[in-house]
*Asks:* 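Before anything else, here's the structure in question.
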Amino acid sequence: MSPTTPTTPTSPATPAALGARSATPEPLTLRRVHLGAGGPLSDVRIESGQVRAVFPAGEAPRADGRSLDLDGRTLLPGMWDSHVHMVQWAGLRRRLDVSGAGSAREAADAAGARAATLPPGEPMIGHGFRDGLWPDAPHKDLLDALVPDRPVMLISMDLHCAWLNSAGLALVDRGDHPTGLLREDECIQAVAELPTASVELTDQWVQEACVAAAARGITGIVDFEYADNIADWTRRMNGAAVPLRVAASIWPQHLDAAIDHGYCTGQALDTPGGLLEVGPFKLLTDGSLNTRTALCHEAYPGAVPGEPGSHGLEMVPPQELVSLLRRASSHGIEPAIHAIGDRANEMTLDAFEAVRCHGRIEHGQLLALKDIPRFAELGVTVSVQPTHAVDDRDVADRHWAGRTHRAYAFADLLAAGAVLALGSDAPVATLDPWLTLASAVTRTGDERPPWHPEQRIPVADALAGSSRGQRLIRVGDSADLVVTDADPLTADTRTLREMPVYATLLAGAWTHGPS
């Protein structure tokens with residue numbers, strides 16, 4: 001399945017109900033709505049931003065505020081995307097999409113054609129290439145031949161490598177690089193150093209992306225943008241009405257400052273509506289499968305065992321990983337550790353066992369069978385991106401052949417008692433919870449049969465993983481809710497993937513739909 005790009009407004013579309021951000025929304029009674037997937041027809045009373053009461057349908061007393069008949073639609077807990085890179089997602093829709101390129105030559109040709117349409121001097125930025133299946137290798141010479149006079153950067157779909165021409169390399173002070181293909185830390189730094197839009201314009205794009213997310217039923221995200229996320233989201237939320245809750249992650253270069261501020265994961269920060277909270281501490285232990293930098297026990301096909309990079313890359317030595325987990329967790333900051341390869345996951349689980357702290361492993365894609373029960377035993381949440389299992393199946397079949405029965409092993413993890421948190425990893429996949437959920441449930445995104453169908457998970461479990469574990473709507477909960485035109489439990493695959501969202505509420509205020 002090729003990632004798709006939803007349409008978004010060309011200017012900020014702030015929901016009217018969030019305009020007065022400090023105001024308490026008016027009381028609301030939702031009548032004749034199914035309470036949860038497959039739930040009973042009910043009336044739901046919302047006051048002061050909370051679910052105040054639930055009645056059998058038709059039995060809610062008349063009360064102040066608005067009453068809305070939902071005609072048998074389904075009311076669900078608000079959806080969360082547990083892994084987003086928000087600035088990159090917001091800017092992606094303004095970049096050249098080369099995800100359909102079948103070779104380096106084809107991607108270079110697309111970059112050359114787009115560059116010819118740009119104003120003089122403007123960098124040509126593209127995204128989405130997957131070189132793991134290409135017959136030829138990306139090289140700066142290919143881009144130089146087509147675009148010699150302006151910087152070009154193409155960012156891979158997994159965000160773990162970037163392909164630049166000579167002008168682009170010079171722009172990020174890497175003019176002597178031999179191939180122009182930057183991986184892992186070099187890639188992250190180069191992307192961060194590339195000239196970007198102004199802060200004001202970037203914040204506008206992020207605002208638009210948040211509005212689009214709310215229209216798909218999202219009420220919250222965990223943002224892993226490579227930035228000072230707490231400072232950036234504090235600025236955004238104090239400057240405009242953001243229609244989402246945000247857990248702002250902390251990268252290693254900001255850990256000391258976060259500790260000095262006394263921040264703890266889950267702590268609400270002083271922003272309108274209390275929508276911003278301190279997120280987890282983010283650290284990378286390895287790379288990705290497409291880039292062949294995921295750290296694995298076995299060498300990659302064609303690599304010579306023992307040679308540098310043959311098994312992927314170890315980004316953090318085990319003892320340093322233990323030290324960082326201990327430092328963050330001892331100050332109440334929960335670790336969220338990127339681990340994709342089976343060796344990286346084993347190393348990260350060992351670190352959690354040594355420190356004895358709770359936290360998350362981001363991705364957990366390739367696992368040794370002996371490590372699957374350890375997530376539940378250690379209380380480590382697995383933050384997974386089901387659309388990757390759909391998008392990466394061909395790459396996994398080539399570069400992880402013979403081991404794919406333990407790749408993206410969602411059903412096995414659930415059976416072992418692990419807690420799953422679902423997300424998109426946008427812009428790696430589309431920020432749409434229903435695409436995420438459908439990928440977890442079906443394990444396919446095209447006409448092909450499901451890939452490892454034994455790892456499909458039930459809709460109810462996918463919904464819980466998409467709503468911070470909340471399976472029921474309970475009296476006293478914050479009224480972060482989504483109303484759908486179809487019941488996910490009975491929807492066919494197409495409807496599940498394209499789920500029609502009627503309305504979204506955040507703390508009882510409309511962020512999409514009726515106002």
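Both backbone and side-chain heavy atoms feed into the values below; hydrogens, waters and symmetry mates do not. Please read these numbers as outputs of a predicted model, since none were measured by experiment.
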*Asks:* Just checking, is any N or O donor in the side chain of Asp158 or Ser288 under 3.5 Å from an acceptor N or O on the other one?
*Replies:* yes
*Asks:* Keeping Trp89 on the side-chain end and Val84 on the backbone end, is there a donor-acceptor pair under 3.5 Å?
*Replies:* no
*Asks:* If only atom types and distance count, is the side chain of Ser42 paired as donor or acceptor with the main-chain N or O of Val44 below 3.5 Å?
*Replies:* no
*Asks:* With side-chain contact (heavy atoms from CB on, under 4.5 Å) as the criterion, how do Asp232 and Ile230 come out once you've worked through the C-alpha distance, each side chain's angles and the decisive distance to 0.1 Å?
*Replies:* CA-CA 6 Å; Asp232 288 349; Ile230 291 176; over 6 Å; no
*Asks:* For Ile125 and Leu96, run side-chain contact (heavy atoms from CB on, under 4.5 Å): C-alpha distance rounded to whole Å, both residues' side-chain angles, the deciding distance at 0.1 Å, then the answer.
*Replies:* CA-CA 6 Å; Ile125 312 299; Leu96 173 67; over 6 Å; no
*Asks:* Between Asp432 and Thr430, is there a side-chain donor-acceptor contact under 3.5 Å, judged purely by atom types and distance?
*Replies:* no
*Asks:* Might you confirm whether atom CG of Asp492 has over 12 heavy atoms from other residues, nucleotides or ligands at distances under 6.0 Å?
*Replies:* yes
*Asks:* Spell out, as yes or no, whether a donor-acceptor pair under 3.5 Å connects the side chain of Thr265 to the backbone of Gly279.
*Replies:* yes
*Asks:* When you check the side-chain N and O atoms of Ser478 and Arg245, is any donor under 3.5 Å from an acceptor?
*Replies:* yes
*Asks:* Please determine whether salt bridge (Lys or Arg N to Asp or Glu O under 4.0 Å) holds for the pair Arg236 and Glu225, giving the CA-CA distance in whole Å, both sets of side-chain angles, and the decisive distance to 0.1 Å.
*Replies:* CA-CA 14 Å; Arg236 290 176 193 135; Glu225 188 64 42; over 6 Å; no
*Asks:* Hey, are the side chains of Pro450 and Gln455 touching, using non-hydrogen atoms and a 4.5 Å cut-off?
*Replies:* no
*Asks:* So, Ser439 side chain and Leu437 main chain: donor-acceptor pair closer than 3.5 Å or not?
*Replies:* no
*Asks:* Could you tell me the separation between the CD1 atom of Ile221 and the SG atom of Cys210, rounded to the nearest 0.5 Å?
*Replies:* 5.5 Å
*Asks:* Counting the benzene-type ring for Trp, do Tyr226 and His85 have ring centres under 6.0 Å apart?
*Replies:* no
*Asks:* Could you tell me if the side chain of Leu244 sits less than 4.5 Å from the side chain of Leu506, heavy atoms only?
*Replies:* no
*Asks:* Show the nearest heavy-atom pair for residues Pro488 and Leu76, with the distance to one decimal.
*Replies:* CG-CD1, 3.8 Å
*Asks:* Within the structure provided, determine whether Ser466 and Trp434 are in side-chain contact (heavy-atom separation under 4.5 Å).
*Replies:* no
*Asks:* Search all heavy atoms of Asp480 against all heavy atoms of Ala507 and return the closest pair with its distance.
*Replies:* OD1-N, 2.7 Å
*Asks:* Check Asp461 with Arg471, please: is the shortest side-chain N to carboxylate O separation under 4.0 Å?
*Replies:* yes
*Asks:* Using atom types as modelled and distance alone, determine if a side-chain donor or acceptor of Thr442 lies under 3.5 Å from a backbone N or O of Ala438.
*Replies:* yes
*Asks:* Is there a side-chain contact between Trp80 and Pro433 in this structure, where contact means two heavy atoms from C-beta onward sitting under 4.5 Å apart?
*Replies:* no
*Asks:* Can a donor-acceptor pair be found, under 3.5 Å and without considering hydrogens, that links the side chain of Asp371 to the backbone of Leu367?
*Replies:* no
*Asks:* Consider only side-chain N and O atoms of His363 and Gln385, and report whether a donor and an acceptor are under 3.5 Å apart.
*Replies:* yes
*Asks:* With side-chain contact (heavy atoms from CB on, under 4.5 Å) as the test, would you mind laying out the steps for Ile361 and Thr381 before giving the verdict?
*Replies:* CA-CA 6 Å; Ile361 284 182; Thr381 295; over 6 Å; no
*Asks:* Quick test of your reading of the model: are Asp394 and Arg448 salt-bridged, counting only N-O distances below 4.0 Å?
*Replies:* yes
*Asks:* May I ask you to check whether Asp487 and Thr490 show a side-chain donor-acceptor distance below 3.5 Å?
*Replies:* no
*Asks:* Decide whether Arg31 and Ser67 meet the rule of one side-chain donor and one side-chain acceptor closer than 3.5 Å.
*Replies:* yes
*Asks:* Please find the pair of heavy atoms, one from Trp251 and one from Ala227, that lie closest to each other, and give the distance.
*Replies:* CD1-O, 3.9 Å
*Asks:* Atom CZ in Arg497, atom OG1 in Thr436: separation rounded to 0.5 Å?
*Replies:* 10.0 Å
*Asks:* Check the pair Asp228, Gln253 against side chain to side chain donor-acceptor pair (under 3.5 Å), reporting the backbone distance first and the verdict last.
*Replies:* CA-CA 9 Å; Asp228 185 351; Gln253 64 269 35; over 6 Å; no
*Asks:* Would you kindly say whether Asp425 and His388 are connected by a side-chain donor-acceptor distance under 3.5 Å?
*Replies:* yes
*Asks:* With distance as the sole criterion, is a donor-acceptor pair present between the side chains of Glu208 and Gln204 under 3.5 Å?
*Replies:* yes
*Asks:* About how many Å separate CZ of Arg73 and CG of Leu41, when rounded to the nearest 0.5 Å?
*Replies:* 12.5 Å
*Asks:* Are Trp451 and Asp397 linked by a side-chain donor-acceptor pair shorter than 3.5 Å?
*Replies:* yes
*Asks:* Is a side-chain donor or acceptor of Ser198 paired with a backbone partner of Leu201 at a separation under 3.5 angstrom?
*Replies:* yes
*Asks:* Consider only side-chain N and O atoms of Asp392 and Gln365, and report whether a donor and an acceptor are under 3.5 Å apart.
*Replies:* no
*Asks:* Measure from the side-chain N and O atoms of Asn345 to the backbone N and O of Asp342, and report whether any donor-acceptor pair falls under 3.5 Å.
*Replies:* no
*Asks:* So, taking the atom named NE2 in His338 and the one named OG1 in Thr285, what distance separates them when rounded to the nearest 0.5 Å?
*Replies:* 6.0 Å
*Asks:* Applying side chain to side chain contact (heavy atoms under 4.5 Å, CB included) between Val33 and each of Leu68, Thr74, Asp69, Leu75, report the one that passes.
*Replies:* Leu75
*Asks:* Taking the side chain as every heavy atom from C-beta outward, state whether Leu275 and Val246 have any pair of such atoms under 4.5 Å apart.
*Replies:* no
*Asks:* Quick check for you: to the nearest 0.5 Å, what is the distance between Asp223 atom CG and Asn229 atom CG?
*Replies:* 4.5 Å
*Asks:* Are Arg32 and Asp43 within salt-bridge range, i.e. N to O under 4.0 Å?
*Replies:* no
*Asks:* Any side-chain to backbone donor/acceptor pair from Arg95 onto Leu92? Under 3.5 Å, distance only.
*Replies:* no
*Asks:* Compare all side-chain heavy atoms of Arg52 with those of Ile46 and state whether any distance is below 4.5 angstrom.
*Replies:* no
*Asks:* Within the 4.5 Å heavy-atom criterion, are Arg130 and Asp391 side-chain neighbours or not?
*Replies:* yes
*Asks:* Hey, is Glu362 close enough to Arg360 for a salt bridge, meaning N to O under 4.0 Å?
*Replies:* yes
*Asks:* Would you please say whether a donor-acceptor pair under 3.5 Å links the side chains of His452 and His405?
*Replies:* no
*Asks:* Can you confirm whether Pro27 sits close enough to Glu47 that some side-chain heavy atom of one is under 4.5 Å from a side-chain heavy atom of the other?
*Replies:* yes
*Asks:* Work out which heavy atom in Ala209 is nearest to a heavy atom in Met86; give both atom names and the distance.
*Replies:* CB-CE, 3.7 Å
*Asks:* What's the separation between atom OG1 in Thr117 and atom CZ in Arg114, rounded to the nearest 0.5 Å?
*Replies:* 5.5 Å
*Asks:* Of all the heavy-atom pairs spanning Phe224 and Ser82, show the shortest one and how long it is.
*Replies:* CE1-O, 3.5 Å
*Asks:* Classify the angle between the aromatic ring planes of Phe410 and Tyr408 as parallel (below 30°), tilted (30 to 60°) or perpendicular (above 60°).
*Replies:* perpendicular
*Asks:* Please table the atom pairs, donor to acceptor, closer than 3.5 Å between any side-chain atom in residues 413-423 and protein atoms at least two apart or in another chain.
*Replies:*
none

*Asks:* Given side-chain contact (heavy atoms from CB on, under 4.5 Å), test Met499 with Leu496 step by step and report yes or no.
*Replies:* CA-CA 5 Å; Met499 180 61 67; Leu496 190 63; 4.3 Å; yes
*Asks:* Asp485 side chain to Tyr502 main-chain N or O, any donor-acceptor pair under 3.5 Å?
*Replies:* no
*Asks:* Between Arg406 and Glu454, does at least one N-O distance fall below 4.0 Å, as a salt bridge requires?
*Replies:* no
*Asks:* Which pair of non-hydrogen atoms, one from Leu505 and one from Thr219, has the smallest distance, and what is that distance?
*Replies:* O-CG2, 3.6 Å
